[in-house]
> 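Take a look at the following structure, please.
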Amino acid sequence: MKIDKKITIFLLFTAFCLVISIWGPEALARYKDKGTLNKIQAQTVEAAGEGYSYKLNANEKLYILSRCLSSQTEPESESNAMAHVEDSMMYQDIDESYAFVANYRSPSAQEITDEQIYETCNKALNFLKESGILPQEVKEVVPQSYDTTLYSAIDVLEPRNNMAVWKLSLSNSHVNADKGNRLIDAYIGAEDGKIYEFYARTSLMWEDIDADAVIDAWSSYMNLSSPEPYESDNPLLETTPYFKKYVFPGMGEGRTIVTVGFYEGINEFFLKIS
């Protein structure tokens, strides 16, 4: 009798375990679903790549922008185009691994907006004047006289190597506008607000310009390493005899050449990168 009772208990326990094993998981899943379905759940997750953000230094930014500007097929400046259209098209270094494209998206939170670019440019101009890079006579820029476009300069093979830059140009819509003592063209970093390249009409003559002092002041302003003079026997480097070139370290084995020069006749003083 006692044995039969033990067997009965064992059989009931076994049956209970079978029922639990069959229906338990499904019942548990339904219970969990009731607590999660039709409800918004918040969960903190680690963003992909968080903790690693590649930041270009000043020399690298200058190099990327110089390569991207060289990849364009049009001259950099309206006045530059007027001075040497044929030469700029004939001798330009076209590099398909770098792209300089108009950026039609809105600036990011870290970038200067189209409403801020004029004030930013004027602050940079004032700094260049105080540093002796530009003469005090160069006028401030105003929205009604200038056109602006936001560009992205991208290393196509390494897209993480990129920067946004504003191009500011004296508008061609004003026929016979006075260009004296005016900034004609400039490339301005969309994050740092610094002038990477400029063309300006002034009353200066080439003999008034101390190219070495200009490049020293500008490289300090840009936080660049010290430049070295760039010497070349190539007579086709510029279409003006009034220039001096300097070389800065770039990325890897690359380097950036910066030219301080002057176009006689139109009295245009420029600093350009290539």
> Test F100 against V165 for side chain to side chain contact (heavy atoms under 4.5 Å, CB included), laying out the working first.
CA-CA 10 Å; F100 192 67; V165 62; 3.5 Å; yes
> Step by step, would you call Y187 with Y196 a ring pair (Phe, Tyr, Trp, His ring centres under 6.0 Å)?
CA-CA 6 Å; Y187 287 102; Y196 283 72; 9.2 Å; no
> Can you tell me how far apart OG (S97) and CD (E158) are? Round to the nearest 0.5 Å.
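Output value for this atom pair is 11.0 Å.
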> Closest approach of P107 and T113, non-hydrogen atoms and distance?
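That would be CG-CA, 3.9 Å.
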> For Y98 and V156, what are the C-alpha separation, side-chain angles and deciding distance, and is it a side chain to side chain contact (heavy atoms under 4.5 Å, CB included)?
CA-CA 5 Å; Y98 291 86; V156 177; 5.7 Å; no
> Would you say the side chain of L56 lies within less than 4.5 Å of the side chain of M251, judging by non-hydrogen atoms?
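Yes, close enough: below the 4.5 Å cut-off.
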> Could you walk me through whether E140 and L125 pass the side chain to side chain contact (heavy atoms under 4.5 Å, CB included) test, one step at a time?
CA-CA 7 Å; E140 291 192 340; L125 279 177; 5.5 Å; no
> Just by distance, do the side chain of N122 and the backbone of V141 share a donor-acceptor pair under 3.5 Å?
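Between the backbone of V141 and the side chain of N122 there is a qualifying donor-acceptor contact (under 3.5 Å).
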> So F269 and F198, ring pair (Phe, Tyr, Trp, His ring centres under 6.0 Å) or not? Walk me through it.
CA-CA 8 Å; F269 171 40; F198 67 80; 5.5 Å; yes
> Taking side chain as C-beta onward, heavy atoms only, is I117 less than 4.5 Å from I188?
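Result yes, sub-4.5 Å side-chain heavy-atom pair found.
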> Using atom types as modelled and distance alone, determine if a side-chain donor or acceptor of S71 lies under 3.5 Å from a backbone N or O of C68.
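A pair under 3.5 Å: yes.
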> Got N103 and Y151 here, is their nearest side-chain heavy-atom distance under 4.5 Å?
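They are not in contact (no side-chain heavy atoms under 4.5 Å apart), so the answer is no.
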> A side-chain contact here means heavy atoms from C-beta on lying under 4.5 Å apart; do I209 and Y242 qualify?
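Not touching, per the 4.5 Å side-chain cut-off.
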> Tell me whether T120 contacts the main-chain N or O of G193 through its side chain, where contact means a donor paired with an acceptor under 3.5 Å.
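Side chain of T120 to backbone of G193, a donor-acceptor pair under 3.5 Å: no, none is there.
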> Roughly how far, to the nearest 0.5 Å, is CG of L150 from CG of L168?
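Going from CG on L168 over to CG on L150, the span is 12.5 Å.
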> First locate atom OG1 of T148, then atom CD of E115, and finally report the distance between them rounded to the nearest 0.5 Å.
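T148 atom OG1 to E115 atom CD measures 9.5 Å (nearest 0.5 Å).
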> Would you compute the distance between atom CD of E111 and atom CD of E191 and round it to the nearest 0.5 angstrom?
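Nearest 0.5 Å value for the CD-CD distance: 5.5 Å.
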> Within this structure, what is the CG-NZ distance for the pair L170 and K139, rounded to the nearest 0.5 Å?
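Here the interatomic distance stands at 10.0 Å.
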> So which of V247, L224, L65, L62 actually passes side-chain contact (heavy atoms from CB on, under 4.5 Å) with T256?
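Answer to the side-chain contact (heavy atoms from CB on, under 4.5 Å) test with T256 among V247, L224, L65, L62: L62.
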> Heavy-atom count check: over 12 atoms from other residues, nucleotides or ligands less than 6.0 Å from Q116 CD?
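Buried by this count: over 12 neighbours within 6.0 Å.
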> Identify whether M163 and V101 are in the same connected component of the hydrophobic contact network (ILVMFWY, side-chain heavy atoms under 4.5 Å).
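No, separate clusters.
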> Between W166 and Y118 (side chain of the first, backbone of the second, donor and acceptor by atom type, cut-off under 3.5 Å), is there such a pair?
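Not confirmed, W166 side chain does not pair with Y118 backbone.
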> With sequence neighbours left out, write down each residue that passes salt bridge (Lys or Arg N to Asp or Glu O under 4.0 Å) with D147, or none if nothing qualifies.
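So D147 forms no salt bridge (Lys or Arg N to Asp or Glu O under 4.0 Å) with any residue.
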> Looking at F262 and T240, what are the two nearest heavy atoms and their distance?
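Closest heavy-atom pair between F262 and T240: O-OG1, 2.7 Å.
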> Under the 3.5 angstrom rule, does the side chain of S220 hit a backbone N or O of D216 as a donor-acceptor pair?
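Looks like no, no N/O pair under 3.5 Å.
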> Kindly confirm or rule out a cation-pi arrangement of K194 over Y221, judged by NZ or CZ under 6.0 Å from the six-membered ring centre and within 45° of its axis?
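Flagged: K194 positioned over aromatic ring of Y221.
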> Identify the two heavy atoms, one from Y146 and one from L183, that lie closest to each other, and give their separation to 0.1 Å.
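Smallest interatomic distance, heavy atoms only, reads OH-O, 2.8 Å.
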> Given 3.5 Å as the limit, does a donor-acceptor pair link the side chain of D208 with the main chain of M205, or not?
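Yes; judged by distance alone, with no hydrogens or angles, the pair exists.
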> Please find the pair of heavy atoms, one from A102 and one from T149, that lie closest to each other, and give the distance.
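Minimum heavy-atom separation between A102 and T149: CB-CG2, 4.3 Å.
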> P229 and Y246: which non-hydrogen atoms are nearest, and at how many Å?
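Scanning both residues, the minimum pair turns out to be CA-CD2, 4.3 Å.
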> Any heavy-atom pair between the side chains of E137 and T202 that's under 4.5 Å?
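Yes. Closest side-chain heavy atoms under 4.5 Å.
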> Specify the closest pair of heavy atoms between M222 and I195, including all atoms of both residues, with the distance to one decimal.
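M222 and I195 have their closest heavy atoms at SD-O, 3.7 Å.
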> What I'd like to find out is whether the side chain of V260 reaches to under 4.5 Å of the side chain of F243, using heavy atoms alone.
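No. Closest side-chain heavy atoms not under 4.5 Å.
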> Taking salt bridge (Lys or Arg N to Asp or Glu O under 4.0 Å) as the definition, give me every residue that meets it alongside K245, ordered by chain and number, with sequence neighbours left out.
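K245 satisfies salt bridge (Lys or Arg N to Asp or Glu O under 4.0 Å) with E238 once adjacent residues are dropped.
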> Would you say NZ of K129 has more than 12 non-hydrogen atoms from neighbouring residues, nucleotides or ligands within 6.0 angstrom?
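Yes, enclosed.
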> Could you go through the side chain to side chain contact (heavy atoms under 4.5 Å, CB included) check for I215 and F248 one step at a time?
CA-CA 11 Å; I215 201 67; F248 291 85; 4.1 Å; yes
> Looking at NZ of K55 and CD of E60, how far apart are the two atoms once the value is rounded to the nearest 0.5 Å?
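K55 atom NZ to E60 atom CD measures 12.0 Å (nearest 0.5 Å).
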> Is the shortest heavy-atom distance from the side chain of E197 to the side chain of D185 under 4.5 Å?
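E197 does not reach D185 side chain to side chain.
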> Is any NZ, NE, NH1 or NH2 atom of the basic residue among D212 and K244 found under 4.0 Å from an Asp or Glu carboxylate oxygen of the other?
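Salt bridge flag = yes for K244 with D212.
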> Show, in sequence, the C-alpha distance, side-chain angles and deciding distance for S152 and N162, and conclude whether the side chain to side chain donor-acceptor pair (under 3.5 Å) test is met.
CA-CA 7 Å; S152 289; N162 69 86; over 6 Å; no
> Is there a side-chain contact between P135 and L204 (heavy atoms, below 4.5 Å)?
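Yes; the side chains approach each other to less than 4.5 Å.
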